[in-house]
Amino acid sequence: MARTTNKLSAVEVKNINKKGRYSDGGGLYLRVSPTLSKSWVFRWVRNGTENEMGLGPYPTVSLATARDAAFEARRHLTAKRNPKTERDRDRETGRTSGDVADEFLVAKYGNWSNEKTRWQWQHTLTQFSKSIRCVPVSEIDTAHVLKLLKPVWTSKPETAAKARMRLEAVLDYAAAHGWRSIENPPCSTGQIQHNPTGQKCPLNTYIRTT
């Protein structure tokens with residue numbers, strides 16, 4: 001029996017190099033432009049009319065994150081709500097980083113194989129990140145992340161690296177749902193010295209050059 005969702009694999013998404021629209025099932029598609037740039041879209045039909053909502057560019061938005069956003073969109077459709085309208089409303093009202101972290105923990109709970117892993121994620125996104133939980137997720141920038149990571153980056157580099165990875169996952173989740181810019185926080189002055197082109201630094205590297 002053919003799968004109705006999760007049809008694509010991460011390797012397939014990475015290697016697709018032909019213009020077109022590729023279905024992952026459940027309304028989620030990878031769109032490849034004539035220039036071979038890739039982006040995610042969610043498509044649905046309501047009252048005989050086709051609708052489409054962009055979920056962000058690949059690889060900034062990963063396959064897993066796009067699936068999370070598609071799941072949320074299907075949840076709205078089941079409740080007879082318009083996914084795009086709900087996303088736009090979330091943008092207007094704003095969500096704190098704590099709101100998003102809590103939602104992320106619920107969405108990902110079943111993905112973790114044991115209680116220790118679940119506890120580690122919860123601790124990072126609640127206790128470790130306590131000082132930024134009240135900040136709107138759309139406003140989280142380099143300074144917020146550095147403030148959290150710098151105190152432990154030298155003494156506990158493994159802890160800091162894992163915390164950085166978990167924070168990045170939450171920000172990617174927020175971006176896929178339209179609650180913040182797709183781009184990661186901008187480079188600080190220290191990183192710009194190592195990056196004279198002025199390009200944005202990805203969250204998983206900028207801390208290391210500070």
Side-chain angles (χ1 to χ4, degrees), residues 1-10 12-13 16 20-33 37-112 118 121-122 125-126 129 132-141 166-185 203:
M1 182 176 178
R3 289 183 295 173
T4 57
T5 59
N6 298 357
K7 295 178 180 179
L8 299 173
S9 71
E12 288 173 329
V13 171
I16 290 173
R21 193 174 66 203
Y22 300 83
S23 173
D24 186 55
L28 177 62
Y29 293 85
L30 178 72
R31 175 177 289 161
V32 182
S33 74
S37 63
K38 302 174 183 179
S39 61
W40 298 105
V41 296
F42 180 78
R43 295 172 59 85
W44 73 98
V45 176
R46 174 62 61 84
N47 298 326
T49 301
E50 292 188 0
N51 300 271
E52 181 174 297
M53 176 174 68
L55 301 180
Y58 173 85
T60 302
V61 175
S62 68
L63 172 60
T65 302
R67 283 174 176 169
D68 287 340
F71 176 85
E72 181 74 3
R74 290 194 296 271
R75 186 177 69 82
H76 286 308
L77 287 172
T78 300
K80 298 184 179 180
R81 297 188 295 260
N82 185 308
K84 190 173 186 301
T85 300
E86 294 302 316
R87 185 184 68 176
D88 292 344
R89 180 179 293 116
D90 284 330
R91 285 175 173 174
E92 292 174 3
T93 58
R95 293 193 177 202
T96 66
S97 62
D99 293 334
V100 177
D102 292 344
E103 183 173 322
F104 176 89
L105 288 169
V106 172
K108 294 295 185 180
Y109 185 85
N111 293 6
W112 298 314
R118 295 187 183 103
W121 276 84
Q122 184 174 18
L125 300 180
T126 56
S129 305
I132 67 168
R133 282 178 58 83
C134 63
V135 179
V137 72
S138 60
E139 297 178 12
I140 295 295
D141 60 13
R166 292 164 189 156
L167 291 167
E168 181 182 38
V170 171
L171 294 182
D172 284 346
Y173 181 86
H177 285 75
W179 302 328
R180 66 175 280 114
S181 168
I182 290 297
E183 293 182 339
N184 282 318
L203 183 56

With [X], which residues qualify under side-chain hydrogen bond (donor to acceptor under 3.5 Å, both in side chains), at least two apart?
| X | value |
| --- | --- |
| Glu139 | none |
| Ser33 | Thr35, Ser37 |
| Arg46 | none |
| Thr96 | Asp99 |

Exercise for the section: For the pair Tyr173 and Phe104, name the ring-plane relationship: parallel under 30°, tilted 30 to 60°, perpendicular over 60°. Expected result: perpendicular
Side chains of [X] and [Y]: closer than 4.5 Å at any heavy-atom pair?
| X | Y | value |
| --- | --- | --- |
| Trp40 | Leu30 | yes |
| Glu86 | Arg75 | no |
| Ser129 | Leu167 | yes |
| Thr5 | Arg67 | no |
| Val135 | Ile140 | yes |
| Tyr22 | Lys7 | no |
| Arg74 | Phe42 | yes |
| Leu28 | Leu55 | yes |

Whether the side chain of [X] engages the backbone of [Y] through a donor-acceptor N/O pair (distance < 3.5 Å, no angle test) should be reported.
| X | Y | value |
| --- | --- | --- |
| Lys38 | Ile16 | yes |
| Arg95 | Trp179 | no |
| Thr65 | Val61 | no |
| Arg118 | Tyr109 | yes |

Exercise for the section: Step through the shown structure and confirm whether more than 12 heavy atoms of other residues, nucleotides or ligands are within 6.0 Å of CZ on Phe71. Expected result: no
Problem - Residue Lys108 excluded, over 12 heavy atoms near NZ under 6.0 Å - result: yes
Completion exercise
Hits for ring pair (Phe, Tyr, Trp, His ring centres under 6.0 Å) against Tyr58, two or more places apart or cross-chain, chain-then-number order -> none
Handout entry: Step-by-step side chain to side chain contact (heavy atoms under 4.5 Å, CB included) determination, Asn82 to Trp44
Key = CA-CA 10 Å; Asn82 185 308; Trp44 73 98; 3.7 Å; yes
Minimum heavy-atom separation for [X] and [Y], please, with both atom names.
| X | Y | value |
| --- | --- | --- |
| Leu63 | Ser9 | CD2-C, 3.7 Å |
| Ala69 | Ala176 | CB-O, 3.8 Å |
| Ala73 | Pro83 | O-CG, 3.6 Å |
| Val137 | Ala174 | CG2-CB, 3.7 Å |
| Asp102 | Arg133 | OD2-NH2, 2.9 Å |
| Met53 | Lys84 | SD-CA, 3.6 Å |

Completion exercise
Applying salt bridge (charged side-chain N to carboxylate O under 4.0 Å, His left out) to Arg166 and not counting sequence neighbours gives none
Handout entry: Check ion pair Glu52-Arg31 (N to O, under 4.0 angstrom)
Key = yes
From [atom1] ([X]) to [atom2] ([Y]), nearest 0.5 Å:
| X | Y | atom1 | atom2 | result |
| --- | --- | --- | --- | --- |
| Glu103 | His177 | CD | NE2 | 6.0 Å |
| Asn111 | Asp68 | CG | CG | 7.5 Å |
| Leu105 | Trp112 | CG | CH2 | 5.0 Å |

